[in-house]
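All remarks here apply to the structure that follows.
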Amino acid sequence: MANLSLRGLRKSYGTVDVLKGIDLEIADREFVCFLGPSGCGKSTLLRCIAGLEAMQSGELMIGGLRMNEVPPAERDLAMVFQNYALYPHMTVRKNLSFGLSLRRFSKAEIDSRIIEAARMLQLEALLERKPKQLSGGQRQRVAIGRAIVRNPRVFLFDEPLSNLDAALRENTRAELARLHKALQATMIYVTHDQVEAMTLADKVVVLNQGRIAQVGRPLELYHSPADLFVAGFIGTPRMNFLPAQALATLQALLQGLLPLELHGAAQTLGIRPEHIRLLAAEDSAAHIQARVHGVERLGAQSMVHLSAGPDQNLTVCVDGGQLVRSGDAVGLQFDLEHVHVFGADGRALPRRLSPAVQRALAQ
Amino acid sequence: MANLSLRGLRKSYGTVDVLKGIDLEIADREFVCFLGPSGCGKSTLLRCIAGLEAMQSGELMIGGLRMNEVPPAERDLAMVFQNYALYPHMTVRKNLSFGLSLRRFSKAEIDSRIIEAARMLQLEALLERKPKQLSGGQRQRVAIGRAIVRNPRVFLFDEPLSNLDAALRENTRAELARLHKALQATMIYVTHDQVEAMTLADKVVVLNQGRIAQVGRPLELYHSPADLFVAGFIGTPRMNFLPAQALATLQALLQGLLPLELHGAAQTLGIRPEHIRLLAAEDSAAHIQARVHGVERLGAQSMVHLSAGPDQNLTVCVDGGQLVRSGDAVGLQFDLEHVHVFGADGRALPRRLSPAVQRALAQ
Amino acid sequence: MISLAARSRRLAFYSLMLLLVLAFAAPLYWTLLTALKAKSELYAWPPIWWPAEPRWGNFVEAWTAQPFAVFLSNSLWVALLSTIGQIFSSSLVAYGFARFDFKGRNALFMIVLGSMMIPWDVSMIPLYMEFNALGWINTLKPLIVPSFFAAPFFIFLLRQFISSIPRELDEAARMDGANAWQIYWRIHLPLMAPALVLVGTFQFLGSWNDYLGPLIFLNDQSLYTLALGLAQFKGLHSNNVTAIAAMTVLLCLPPLLLFFLAQRHIMDGATSAAVKG
Amino acid sequence: AESQLLRFATWDGSESLLIQQRIAAAFEARHPGVKVQMEAYGGGYNQKLSAAFGAKNPPDVMYMWNFPQYQRVLEPLDDYLARDARIDRSDFVPGLFRFATVGDADGKTQRIYGVPAGFTAQVIYYNKDMFDHAGLAYPQEGWSWDDLRRMAIQLRKPATKAFGFGLDVNPDPYDFQSYLWSAGGRMLGPDGVSVQGHLNGAPSKAMFAMLLALLQQDVAATLGLGDGRNQRQMFTSDKVAMLLDGAAFRVELAQDGKRYGVVGLPSFQGRPAQSVVSVSALAMARESKQKALAWDFIQFFSSAEAVRLRSNDLPVLLSVAAQQGLQDDPLVRPFYAMVESMKETPAHLLNPRWMRAQDVVRDAIQEVFLSKQGDSGAILDRAAIKAERKLR
Amino acid sequence: MHKSQLMDAQSEMLMPISDPVPGKAKTAGKRRARSWSSWLPYLFIAPWLIGFLAFTVGPLLYSLYMSFFDWPLMGGERFVGLQNYQRVLFQDDDFWEALGVTARFALLYVPTHLAASLGLALLLNRRCLGEGLFRTIFYLPSMLSGVALVSIWSWIYSREYGLLNYALALLGLPAVDWLGSPDWAMSAVVIASLWSLGGTMLVFLAGLKGISVELYEAAEMSGVSKLKQFTHITLPLLSPVILFNLVTTLIAAFQQLTMALLLTGGGPMKSTYMLAMYIYDTAFKYFDMGYAAAMSWLMFALILLLSASVMRFSSLWVFYENEVKSEAPADRSAT
Ligand SMILES: Nc1ncnc2c1ncn2[C@@H]1O[C@H](COP(=O)(O)OP(=O)(O)OP(=O)(O)O)[C@@H](O)[C@H]1O
Ligand SMILES: Nc1ncnc2c1ncn2[C@@H]1O[C@H](COP(=O)(O)OP(=O)(O)OP(=O)(O)O)[C@@H](O)[C@H]1O
Ligand SMILES: [Mg+2]
Ligand SMILES: [Mg+2]
């Protein structure tokens, strides 16, 4: 059993409060992703779990046992450090085998695990090199390898794929998912890549400035962000926000979305770029009018940047084939079932979920 | 003038050949992205340009002058190192100002540049910290800051945003684009993030195992990859490849795509996940039949993994709202204007481009 | 290929090095010269740079004048054992001081530093008494055993070096399940290699050239070390310059050789590439 | 028989040590079951010995010259000498026992603490090659400092940096006493406490002035500093034609096959020259556990057999010297003559604290000869006051 | 930071890592772990601790004890209380003179020694042909025993036949009486001592090798001149090593004995007569052990004071990679 439970965890460096009370339950064998802006405390939280950092207060339980005083080695965790921390004097092979040989695994067992990890991370040809002789991505892969050969109860990954190319990343992601199934270990994973978070995680924890902003299944965060922060943070390109009062048409929109009593509270509307359709200017179906001021072509899709008024910038995601040019005037039609409404305190107002969304969430 | 020209550049570490003859022209003020799998030699190439690494043979010209023997300091470049290389004993402010104070900038000028960079990278609150007191992403931002305060002729960025969260990355990306316009400097940028490459670059250079696989404008790479490697490497999820002979229906498809004389040469068909439509099973419009064996839901989109026969796995990208389940039998319809054909040597066969694609490329 | 500026810089560098080499090699060269001279040539003026007929026999003569073979074996024992002892004990203690925080650490470390400053003269006699009580006088023990208990100089030296090894490596090892001892043994010891070469070199040379220790603690000539043998060979009244020079040259050959072999381990970037950032 | 270990400490090295080992071997042959452990301390003799005594673990028998300093830890040998018929004190070169004789703490009883093993006086060595080369006659007994000065001027060869005479400007003050005595001066008064009026007395000052003049006029080489420290080598390599030295130098010169002669010290202002005598003797530690055996060894060391073996030293026994015809050897005779010349008592025998004052004298000697422009009289006056203070 | 380090230390252990075990065994293990871990640091420093207690403390205290006696070595010690100290401090001109000479030596020696060895280390830090040979040769003089060095130097310094004056003569300069003139003797001793800077140089070299090349690359890219790289990167990052060399050189300067003893014997005219030599003479020439012990202790106190103040101010300029100074004043108590 390797369920984790964090209660009121606090940590500060000197006068800098980094973690300001974290309460979190992670079930056995769960795959949890930590998401959050740079500097919000993800690594610190991981280090607290690992036991590398003493917490100021709070309690950490693993498998039902209090771990605060248990040294890292005995927590049966493996960690991929954000900055790798490879042993510079050891070859890749030694880096991988170090943790195993300490635990007196047989030579054959060690070798087979190393071969397996090297295959998975495409490190076979590099086993006899020292870290200094590796490229950045290769170092990162060694760091991952060092953790996975260990087979612990809990994995802690700190942005393990950040320096890998897309193909390798996709591959490794798939391997990690496979590993997760095979090993039945609990995995905690810090990433900035939402695709990673979405595809891998059973549960995503969004952190903001040392606090948990929201915990939920990936699509839950996408479809029902708890507040402005999460809404803006999850999804790329980020959600468009419009002041609810700014445009009369938007006021009207609220009708279908919110219970009447909440209309007054609505402060901000949020709508993701992929939930806006571009229409011809003055098409009557358009909710608002806007002017294109930039187009980014990504191949399959294009990002269209528009302005709908002073300080009213929006991004819309359209098919890569669609023809748009800077300067075009267009109409925007919002996909109503995907409009989010936020109150003055930034928290999401309970909106009615369309059946489609409900279905998606139920899956 | 800061156009670069590389001719026959070779570099090896001991017996490891890393760069195997690179010929490349980079125009003044161009924004060039280097893409390529981990370990293919991107950083090494950057370091050769910077002058930190001596090349075995070949010539490097900047602004028309031979640079091989010119020490780094005199090349007027700024570089963001993949592993940051921050000065551990200096505060963030000192790290940023170090390169400036030596060039006798006025105190005021230095301060204003630092403030500007700190604002842009959201480092204002951290200026008095030492690198050890920063998170991974914060360190990376300092590394970027150190380069941009310098205002050189040529910027070299080695995966500068890899440790930043999506929002910050988007922001910084935009700032870099703005900077590029404002400073009129040539920028060379290594990244694994294709969105970055696509949105920022005037020109993308795809490297593979120390050789240039293809150079072109972003959409060119997307729409007309030169070979299987580039086709597979550019675009996420990656392009689906099918043996041309495998399915009779596919043979028939070729008719519209290739000049007749090349039909025999066609070995592999490629089609991107976003260019396949999911139809009901046995819909007559379907080109082939397949069975779903996995669905990844990313919110706006879902990735559907299918198998169309033994060893015939495909991925299809569908709208997040579309309902698919593992085990479903479906029909696949290929968007014919986006089918790529490759010969036995892996090189793309010249296909007819549809007007839409031609338009996209012309933009 | 190479630019003119670079070439002239290199030329300047190598000329400077050559000059320094001349300056630093001169002492040993002169000693060698002296060893090869006839006595009548010692004060030749102007100086001669190579004797008319080098007397290699002086070496044989000097070597056989005393049981130097016995002295050599004693010296080797003492130097090697104490070097081994010093390397391990000092690195262990330095690691303890660098990586743990414990009650009284700073005070104890100040004592370490302080004990480096103790003038040797007066504690010598009490030390002699102590070794005498232990029955160690006239054995090699007083010259070997204390090196197994870490010298302040080396503790200080190694502590300064450990302070530049990234703590992340300790952490990684802890995650890998290494205990404190294993972190020391498997991570720090190899990473300290450059500094350990220094410790080894200094201790070896210190033991090898130590004159006072053997003088005070040894009585029996069969236990003498080379340095003591040489000094005693010199005697109080005779001043056989050529023989002494010959012995001096012979005496510094083993450390010279050892150092030449060891110095390549003072290499760079022991800890580079360990962490990113 | 159970084996007995006798520890014997010596300061000698090289050949002399080998000789002593031979003596020890002969002694062992005579005393089955006894092993003599030779402890050769070389240049560290004093330090080692003091540590050993300080820690109460001294050798049984040891070489010794500074008896007043070690007196408290040495065994008085009067009784042994009196009882042992094998030893004939009258056969010893006269005056040597005086150096091993020290007054008790009460200052009344004088006891003998050592048996002489070697001695030397100071003579002038001259380099026959250099003299021949310059076409000069060799110095003769009864010569004077003026003669020396004249010869030195003629021997001086600036081109090869050769000098006629070398003056040790950094001498052991003990040896320097020869100069002062020869001038009728001394370092320490016979009362053992007054330095003033002696060190800075008129005779002493005159001697200093004369020597200083030799240096100032570039007649004498400055020895005792730099490689002048190896003054014997300078003599051997024909840089210095005349050198004041003791008997040990003979051995080295003989080995090198150098042509040299020796002559007694020159007289100064008509006074007969006087030389200090240096005596080494064997002493026994008071703490020794085997005094009888130790005495046997000491006795044996001074027996005719052993004295004959010690060919590097001048024989302390007159009978041996006579046997070897040394009294007639022109290269030895002057030593015996100079031993007899000694009338004064060396300062260290007059006051056990002399070593401290001696360093003051040494500094003064250096200052006189090195500062060169200084007023040597004033320097000596100051030094005398300071030295006296040290003795209190 | 203090606290977190403490915790780090506490969680370090010397026990084999056990598999996750049921609760009871765990708690037992934990208790054992805690008592273990509080002892652990002491285990690591035990070699020194034991050696210190066994071989240093005893003799040290004994010498302190001796310093309260009139102790003529050859028997007959007599308790005199603080008299020895009084005599040193108030009656002994020689002590103060020797102290002055020592200070002069230290003042000349320490900076030149540090600068020269750092300079050489910097030269050696360049990759070049035969670097191993260069290292070895620069270290050569440090391998020679003191006695050999001294005979070499007396040859070099000889007024008449010396190499140095020979060289001066070639340059048309007048000969200098290096060892014979009180004005030059100190410089001569300093220069001779400098020749054996190999040890310090190697320590610097090893320190230099530990500085990541990338930092220089980054600086190079920023167009930072070599000189500025040296002052702004090398020096700060080398500062722990500089501190080490400073302190040890300072101590060595004050304890300097061999070179002066053998080369000049303290002369001429006491111009190189240093404290260590005075103590040595007092002990082994005058056999005045009590007095020597008192002087030793005063010298010890002096060096301790000096080193402590150097260490104290070191926090202003020494940068420890792994010790980030926290802003919280409460935490400043810990290093
Ligand atoms: N010192 C070295 N010795 C041997 N091989 C080296 C050395 N340094 C780098 N390499 C190899 O050279 C190749 C290119 O390295 P480089 O750092 O340029 O890769 P990269 O394209 O930047 O990869 P990444 O995306 O992982 O950073 C890699 O395969 C690496 O293993
Ligand atoms: N030693 C320290 N002293 C003071 N502040 C620190 C220290 N270490 C980290 N911090 C601060 O704590 C905060 C959290 O750091 P942490 O490394 O956990 O961030 P993170 O979420 O992992 O960020 P990133 O995504 O950039 O890696 C950051 O703002 C950082 O500046
Ligand atoms: Mg982090
Ligand atoms: Mg790279």
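Since this is a predicted model, take the numbers as computed values, not measurements. Protein chains get the first letters and strands the later ones, always in sequence-line order, with residue 1 at the start of each.
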Cut-off 4.5 Å, heavy atoms of chain E, and the answer for F81(B) is side chain
CZ (F319(E)) and CE (M90(B)) are apart, to the nearest 0.5 Å, by 10.0 Å
Winner by heavy-atom pair count (cut-off under 4.5 Å) against chain B, out of P236(E), S225(E), G223(E), S222(E)
S222(E)
About how many Å separate CD of E220(E) and CE of M79(B), when rounded to the nearest 0.5 Å?
12.5 Å
Sorted by chain and number, sequence neighbours left out, ring pair (Phe, Tyr, Trp, His ring centres under 6.0 Å) with H192(B) holds for none
Which pair of heavy atoms, one from V224(E) and one from G99(B), lies closest together, and at what distance?
CG2-CA, 4.5 Å
Less than 4.5 Å to any heavy atom of chain E: does that hold for the side chain of R146(B), its backbone, both, or neither?
side chain
For residues 19-51 of chain B, give me every residue with a non-hydrogen atom less than 4.5 Å from any non-hydrogen atom of chain E.
R47(B), A50(B)
List the atom of L215(E), the atom of A85(B), and the distance in Å for their closest heavy-atom pair.
CD2-O, 3.6 Å
Would you say that more than 12 heavy atoms from the other residues, nucleotides or ligands in this model lie under 6.0 Å from the CG of L171(E), or not?
yes
Within the side chain of R150(B), is there an N or O that forms a donor-acceptor pair under 3.5 Å with the backbone of M221(E)?
yes
Heavy atoms from other residues, nucleotides or ligands near CZ of F313(E) exceed 12 (cutoff 6.0 Å):
no
Gap between atom NE2 of H232(E) and atom NZ of K94(B) - 0.5 Å precision
4.5 Å
